[in-house]
Amino acid sequence: MFCLLTMVVSLSAMGVEKRVSSPNGKLQVSVIDTEGHLEYSVHYDGIEVVQPSRLGLQTNVGDFTEGLTLKDAKESLVEKTYAMTRTKRSQVSYVANQMVLEYVTKNGFPLTLTFNVSDNDVAFRYGLGRGQRDNPKCAVVYEEATSFLLPDGTTTFLTPQITPMSGWERTKPSYEEEYRADAAMDEPSRFGVGYTFPCLFKSPIPNSAGKSGDLWVLISETGVTSCYCGSRLSDYEKGRGYVVAYPQKGEQNGFGSEWAAIPLPGETPWRTITVGRSLKPIVESTIAYDVVDPLYEAKWDYKPGRYTWSWLIWQDTSINYDDQVKFIDLASAMGFEYTLVDNWWDTQIGREKIEQLSKYAQGKGVHLLLWYNSNGYENDAPQGPRNIMCNSIKRKEEMAWLQRIGVKGIKVDFFAGDKQETMRLYEDILSDANEYGLQVIFHGCTLPRGWERMYPNYAGSEAALASENVYFSDYHARKEGYEMTMYPFTRNAVAAFDWGGVIMNRYLSKDNKSRHQRFTSDVFEMATGITNQCSVNCIAMQPNNLSELPQFELDFLKNMPTAWDETSFIDGYPGKYYVVARRSGNDWYVGGLNGGAEALTLTLHLPMFAGMTVPYYVDMPKKGGEILPTSALQTLKVNKKGEAKVTIQPMGGIIICSPSAGI
């Protein structure tokens, strides 16, 4: 039933080769040992996806890039099932073939290479053992030789890393740079320091393969804890490809090492490669969670839900008691679970009044989430509360107070970088928050790497250009369609994304008449509640929307789920359009976005609705004088083959759902 490890011993110049294939046999990894130098390659469906690429580590206890001798090779089948409440699928079954290769250096120090290969995913990591006479007992890893050499003609969908202590109040890198679509590999990154995970690539299938089309490849990492630093990819180097790069020395105001320090025996995080003939395996992949396990058990019952947020449109001046009451009342009227009170609440509202506000919210069936600055010393962001989350004593005192007054979560902002010290702060905040019943959202932060499974009270992260930029500039308001059709294939494909708002104001202003307009339709915005995956999701409604929006739009938002049991990719292309189906209980919700300037007609395959007539939220063609199209609730007939023809208006959306969805 399963295609396991195949060992091939060759006396040619290629040296000794070890292979492991996926259970269905389509995905194959080869590790080649040529005179002590290790390389690996990846083939999918007989086509080379990753050309021979380097493996190895440089450490203070030895050079693990050369002079390696294979001592043992083992094969096994990995099978696990697990339940999730915070990702794209609630029940996951993971089956992979595992190859473990054990090498030693010239002085006898052991290195282990572990490869897990499932039907569309490769995950691999390094393990360092102990040296002679049980010493040393720790190691510093300076760099990895790990590289990814992709075929010529591959195009990229990447976002650049930026230099440290740059940008507003020296808060970068904050992982909020722009993605470029279909760029050439040899185009240098914007800031010259490589690219942030995840990294998406499209490789042409060579004519010699006798097959047409492209292969899609998503490269990332998972399993990063306080025991290691986060990584990224370097700029492309011809003949070598992209290399795993560690943090920059100046991150976190220069404090902490840019290297990784681990106890021995110890392991690196997993490097992951997801491969498919279409984008379906990219969107549906669960590899970020498959190879990690919970680091602690949930001490409390953490509930998914929706939150209102005054700051996005009303900004800093809204952080006062009376305005927050309005957003609590809005959440209550809509049946939302939470209201987020953003920065400066400690000085503009005060702790005594926050206690009163929390009590008021609970009386309305709503719980508060409170904002915190992660600083510290990392950067110059002035917003308060400061100097709490970075200090273990103050943090625990604060969390005990939050629990006592009924707050259910925190949003912690302004992290900068991937150093091990920064990863330790993320983990300390999450672990302490679990003791006090608090869910955690991070902003101004790095990519989460398997954290939904590792830390059960983790809810989501920003880690991309998010909704605040739609408010800040007309430029990003115009680019929202592009960005929201890029993220499902990149940022949101590997981790929960707190985009920060299903934006329902037509103008980015409190009066809904001034400043620049929103350029996406109402149905587009509503559909992002489906296309964007985050179990604690922001519905950025304003109090005025209660009287301005059509009742069918309000009804949809009142009943929209945020936790999903199943996800199925329907159609799309990064930066152009995206259609996905998600199931909550017995009900399916299909969300579609058109990020382009022209109407898009598609024939969708929707087997879950075969032969049914279903509710259909759609935009009408925009009429003269309209800044946005009029939305409508209609019905859609899906034929017995599960096919339906739809048209998505420019910067518009569609929603299709089960008749039983109750919306």
*Between the side chain of Lys88 and the main-chain N/O of Arg582, is any donor-acceptor distance below 3.5 Å?*
no
*List for me each residue that meets side-chain hydrogen bond (donor to acceptor under 3.5 Å, both in side chains) alongside Tyr487, sequence neighbours excluded, and say none if there are none.*
none
*asked:* Tell me if a side-chain donor or acceptor on Asp182 pairs with a main-chain N or O of Thr155 at a distance below 3.5 Å.
replied: no
*Between the side chain of Asp565 and the main-chain N/O of Gly585, is any donor-acceptor distance below 3.5 Å?*
yes
*Between Arg232 and Asp418, is the closest basic N to carboxylate O distance under 4.0 Å?*
no
*asked:* Under the ring-ring contact (aromatic ring centres under 6.0 Å, His included) definition, can you give me all pairs with a residue in residues 587-608, not counting sequence neighbours?
replied: Trp564-Tyr589
*Sequence neighbours left out, what passes side chain to side chain contact (heavy atoms under 4.5 Å, CB included) with Ser234? Give chain and number order.*
Val243
_Restricting to salt bridge (charged side-chain N to carboxylate O under 4.0 Å, His left out), what partner residues turn up for Glu177, sequence neighbours left out?_
Lys172
*Flag for Tyr82-Asp290: side-chain donor and acceptor within less than 3.5 Å*: yes
*Within a reach of under 6.0 Å around CD of Glu598, are more than 12 heavy atoms found that belong to other residues, nucleotides or ligands?*
no
Expected list for residues 117-124: side-chain donor-acceptor pairs under 3.5 angstrom, two or more places apart:
{"from": "Ser118", "atom 1": "OG", "to": "Asp121", "atom 2": "O", "distance (Å)": "3.3"}
{"from": "Asp119", "atom 1": "OD1", "to": "Asn24", "atom 2": "N", "distance (Å)": "3.0"}
{"from": "Asn120", "atom 1": "ND2", "to": "Val275", "atom 2": "O", "distance (Å)": "2.8"}
{"from": "Asp121", "atom 1": "OD1", "to": "Thr274", "atom 2": "OG1", "distance (Å)": "2.5"}
{"from": "Asp121", "atom 1": "OD1", "to": "Ser285", "atom 2": "OG", "distance (Å)": "3.2"}

*Can you see which heavy atom on Met454 is nearest to which on Arg449, and at what distance?*
SD-O, 3.4 Å
*Asn559 (side chain) donor-acceptor with Phe556 (main chain) under 3.5 angstrom*: no
*Got a donor-acceptor contact below 3.5 angstrom from the Tyr482 side chain to the Tyr179 backbone?*
yes
*Under 6.0 Å between ring centres, would you say that holds for Phe489 and Trp216?*
no
_Do His43 and Arg19 have side chains that approach each other closer than 4.5 Å (heavy atoms only, starting at C-beta)?_
no
*Just jot down the side chain to side chain contact (heavy atoms under 4.5 Å, CB included) partners of Thr562, sequence neighbours excluded, or say none.*
Pro304, Arg306, Asn537
*Please name all residues satisfying side chain to side chain contact (heavy atoms under 4.5 Å, CB included) with Lys622, sequence neighbours left out, ordered by chain then number.*
Glu626, Pro629
_pair Asn97-Leu77: side-chain heavy atoms closer than 4.5 Å_ = yes
*Using modelled atom types only, decide if a donor and an acceptor are shared between the side chain of Ser22 and the backbone of Lys26 within a distance under 3.5 Å.*
yes
*Return the set of residues passing ring-ring contact (aromatic ring centres under 6.0 Å, His included) with Phe524 (not counting sequence neighbours), or none when no residue passes.*
none
*asked:* Tell me whether Lys641 at atom NZ has more than 12 heavy atoms from other residues, nucleotides or ligands lying less than 6.0 Å away.
replied: no
*Backbone N or O of Ile503 within a donor-acceptor pair of the Arg518 side chain at under 3.5 Å?*
yes
*Answer yes or no: is there a donor N or O on one side and an acceptor on the other, between the side chain of Arg491 and the main chain of Glu462, under 3.5 Å?*
yes
*salt bridge (charged side-chain N to carboxylate O under 4.0 Å, His left out) involving Glu176 - partner list, sequence neighbours excluded*: none
*asked:* If the condition is side chain to side chain contact (heavy atoms under 4.5 Å, CB included), which residues does Glu144 pass it with, not counting sequence neighbours?
replied: Leu57, Tyr126, Thr146, Tyr228, Val244, Tyr246, Arg271
*Any side-chain donor-acceptor pair under 3.5 Å between Asp522 and Ser631?*
no
Sequence neighbours excluded and cut-off under 3.5 Å, please list the side-chain donor-acceptor pairs for residues 196-203, or say none.
{"from": "Lys202", "atom 1": "NZ", "to": "Tyr573", "atom 2": "OH", "distance (Å)": "2.8"}
{"from": "Ser203", "atom 1": "OG", "to": "Thr154", "atom 2": "OG1", "distance (Å)": "2.7"}

*With sequence neighbours excluded, residues passing salt bridge (charged side-chain N to carboxylate O under 4.0 Å, His left out) with Asp293*: Lys80, Arg453
*Thr81 and Ser93: side-chain donor and acceptor closer than 3.5 Å?*
no
*asked:* Checking the side chain of Ser174 only, and the main-chain atoms of Gly444 only, is there a donor and an acceptor separated by less than 3.5 Å?
replied: no
*Atom CZ of Arg583 with >12 non-hydrogen neighbours under 6.0 angstrom*: yes
*asked:* Less than 3.5 Å apart, any donor N or O on the side chain of Thr567 or Glu284 sitting next to an acceptor on the other?
replied: no
*Once you round to the nearest 0.5 Å, how far does OG of Ser584 lie from CD of Glu566?*
11.5 Å
_Among Phe415, Tyr175, Phe497, Tyr455, the one residue meeting ring pair (Phe, Tyr, Trp, His ring centres under 6.0 Å) with Phe442_ = Phe415
*asked:* Main chain of Ser41, side chain of Ser30: is a donor-acceptor contact present, judged purely on distance under 3.5 Å?
replied: no
*Check Ala610 against Lys640 and note the closest heavy-atom contact, atom names and distance.*
CB-O, 3.6 Å
_Contact summary for Val536 and Gln439, nearest pair of heavy atoms_ = CG2-OE1, 3.5 Å
_Mutual orientation of the aromatic rings belonging to Trp451 and Tyr458 [parallel < 30°, tilted 30-60°, perpendicular > 60°]_ = perpendicular
